[in-house]
Amino acid sequence: MLIPKKLKHRKISRGKMRGVSKRGSELSFGNFGLKAMTRGWVSARQIEAARRAITHYIRRGGKVWIRIFPDKPVTKTAAETGMGGGKGSLDHFVAVVRPGRVIFEIGGISEELAQEAMRLASHKLQVKTRFIKKESQ
């Protein structure tokens, strides 16, 4: 799973997810991609599950790029803990995904194969996604 090597602050606030993604909204590496249509937190486990689904389906053909990284720590308090016990301990990491963000890219395979691989990967993510392809120049 993807986790940061080092953190500046171990516990951070939840923050807001307003607006749309300005950076990372175009295909940069591959010919086909999976673009987020809704906002949300995508956990490191979900990213890994989607990556495994893609690589399993394309069977060592082509190349896969992961365009998001889970760098936001999420805390969780223990069960049956009363109010006033402070912030919980670190539980997992998430990537903040806004609408328009490209999550995965694939290159070197046919469009039909890429579309099915991305469909399988989209079922592993909690944000709604759309299959995109690079316009031929």
Side-chain angles (χ1 to χ4, degrees):
M1 280 197 312
L2 297 168
I3 59 165
K5 286 185 184 138
K6 204 165 118 181
L7 289 172
K8 187 170 183 180
H9 302 289
R10 198 164 52 95
K11 298 174 180 179
I12 62 168
S13 57
R14 294 169 61 90
K16 304 278 192 277
M17 285 190 284
R18 295 187 188 121
V20 295
S21 184
K22 290 182 178 134
R23 305 177 117 186
S25 57
E26 303 286 324
L27 289 174
S28 299
F29 305 103
N31 299 329
F32 310 105
L34 194 65
K35 188 181 242 190
M37 293 289 105
T38 57
R39 68 192 77 245
W41 284 356
V42 180
S43 72
R45 287 177 182 267
Q46 291 170 356
I47 296 168
E48 178 62 16
R51 184 199 64 79
R52 281 187 175 184
I54 292 169
T55 52
H56 178 75
Y57 188 78
I58 62 175
R59 286 193 229 100
R60 293 189 313 208
K63 185 159 171 46
V64 179
W65 290 271
I66 303 170
R67 295 283 307 274
I68 57 174
F69 186 80
D71 55 357
K72 184 184 188 76
V74 176
T75 59
K76 193 168 186 180
T77 52
E80 299 179 15
T81 305
M83 297 290 282
K87 198 171 171 81
S89 59
L90 185 74
D91 187 50
H92 61 280
F93 288 91
V94 295
V96 179
V97 176
R98 291 184 181 90
R101 179 78 188 196
V102 175
I103 301 170
F104 290 102
E105 288 188 33
I106 302 182
I109 57 172
S110 67
E111 186 178 345
E112 295 80 30
L113 200 65
Q115 196 157 9
E116 182 60 20
M118 291 299 192
R119 187 189 69 80
L120 292 169
S122 69
H123 292 306
K124 309 290 182 190
L125 304 170
Q126 69 176 28
V127 292
K128 286 187 177 157
T129 56
R130 190 174 73 197
F131 178 77
I132 57 169
K133 58 185 177 180
K134 194 174 270 188
E135 288 85 22
S136 57
Q137 278 91 346

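- Criterion: ILVMFWY side-chain heavy atoms under 4.5 Å apart, direct or through other members. Under it, V96 and I103 are not part of a common hydrophobic cluster.
- Few gaps surround NE2 on H123; more than 12 heavy atoms of other groups in view lie less than 6.0 Å from it.
- The salt bridge (charged side-chain N to carboxylate O under 4.0 Å, His left out) test with E105 is passed by exactly one of K63, K134, R67: R67.
- Looking only at side-chain heavy atoms (C-beta outward), Y57 and R119 stay at 4.5 Å or farther from each other.
- Considering every non-hydrogen atom in both M1 and R45, the closest pair reads SD-CG, 3.2 Å.
- Placement of V74 and I47 in two distinct hydrophobic clusters is found when ILVMFWY residues are connected by side-chain heavy-atom separations under 4.5 Å, directly or transitively.
- Considering all non-hydrogen atoms of both residues, W65 and I106 come closest at CZ3-C, 4.1 Å.
- Remark: L2 CG to S43 OG distance equals 10.5 Å, nearest 0.5 Å.
- Distance check, rounded to the nearest 0.5 Å: OG1 of T75 to CG of L90 gives 7.5 Å.
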Decide yes or no on side chain to side chain contact (heavy atoms under 4.5 Å, CB included) for L125 and V97, but give the supporting numbers first.
CA-CA 11 Å; L125 304 170; V97 176; over 6 Å; no
Pair H92, W41 - check side chain to side chain contact (heavy atoms under 4.5 Å, CB included), show working.
CA-CA 11 Å; H92 61 280; W41 284 356; 5.7 Å; no
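- Taken together through direct or relayed side-chain contacts under 4.5 Å among Ile, Leu, Val, Met, Phe, Trp and Tyr, I109 and M118 form part of one hydrophobic cluster.
- A pairwise comparison of heavy atoms in D71 and P73 identifies O-CD, 3.5 Å as the closest pair.
- Separating the CZ atom in R39 from the CZ atom in R18 is a distance of 10.0 Å, to the nearest 0.5 Å.
- Put simply, I54 and V127 are part of the same group of oily side chains (I, L, V, M, F, W, Y) that touch within less than 4.5 Å, one to the next.
- Hydrophobic cluster membership is shared by V94 and M17, with clusters built from Ile, Leu, Val, Met, Phe, Trp and Tyr side chains linked at under 4.5 angstrom.
- Applying the side-chain contact (heavy atoms from CB on, under 4.5 Å) test between Q46 and each of K124, Q126, R51 identifies Q126 as the sole match.
- Nearest heavy atom pair, residue I12 against residue K87, reads O-NZ, 3.4 Å.
- Interatomic distance, I132 CD1 to K35 NZ, rounded to the nearest 0.5 Å: 5.0 Å.
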Between side-chain atoms of residues 20-29 and protein atoms elsewhere (two or more places apart, or another chain), which donor-acceptor pairs fall under 3.5 Å?
| residue | atom | partner | partner atom | Å |
| --- | --- | --- | --- | --- |
| S21 | OG | R23 | O | 2.7 |
| S25 | OG | K22 | O | 3.3 |

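- Of all heavy-atom pairs between I66 and F104, the closest is CG1-CE2, 3.7 Å.
- More than 12 heavy atoms of other residues, nucleotides or ligands sit less than 6.0 Å from atom NZ of K11.
- At distances below 3.5 Å, not a single donor-acceptor pair connects side-chain atoms of T129 with backbone N or O atoms of L34.
- In this structure, V102 and I68 approach most closely via the heavy-atom pair O-CG2, 4.2 Å.
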Passes side chain to side chain contact (heavy atoms under 4.5 Å, CB included), F32 versus Q115? Steps please.
CA-CA 8 Å; F32 310 105; Q115 196 157 9; over 6 Å; no
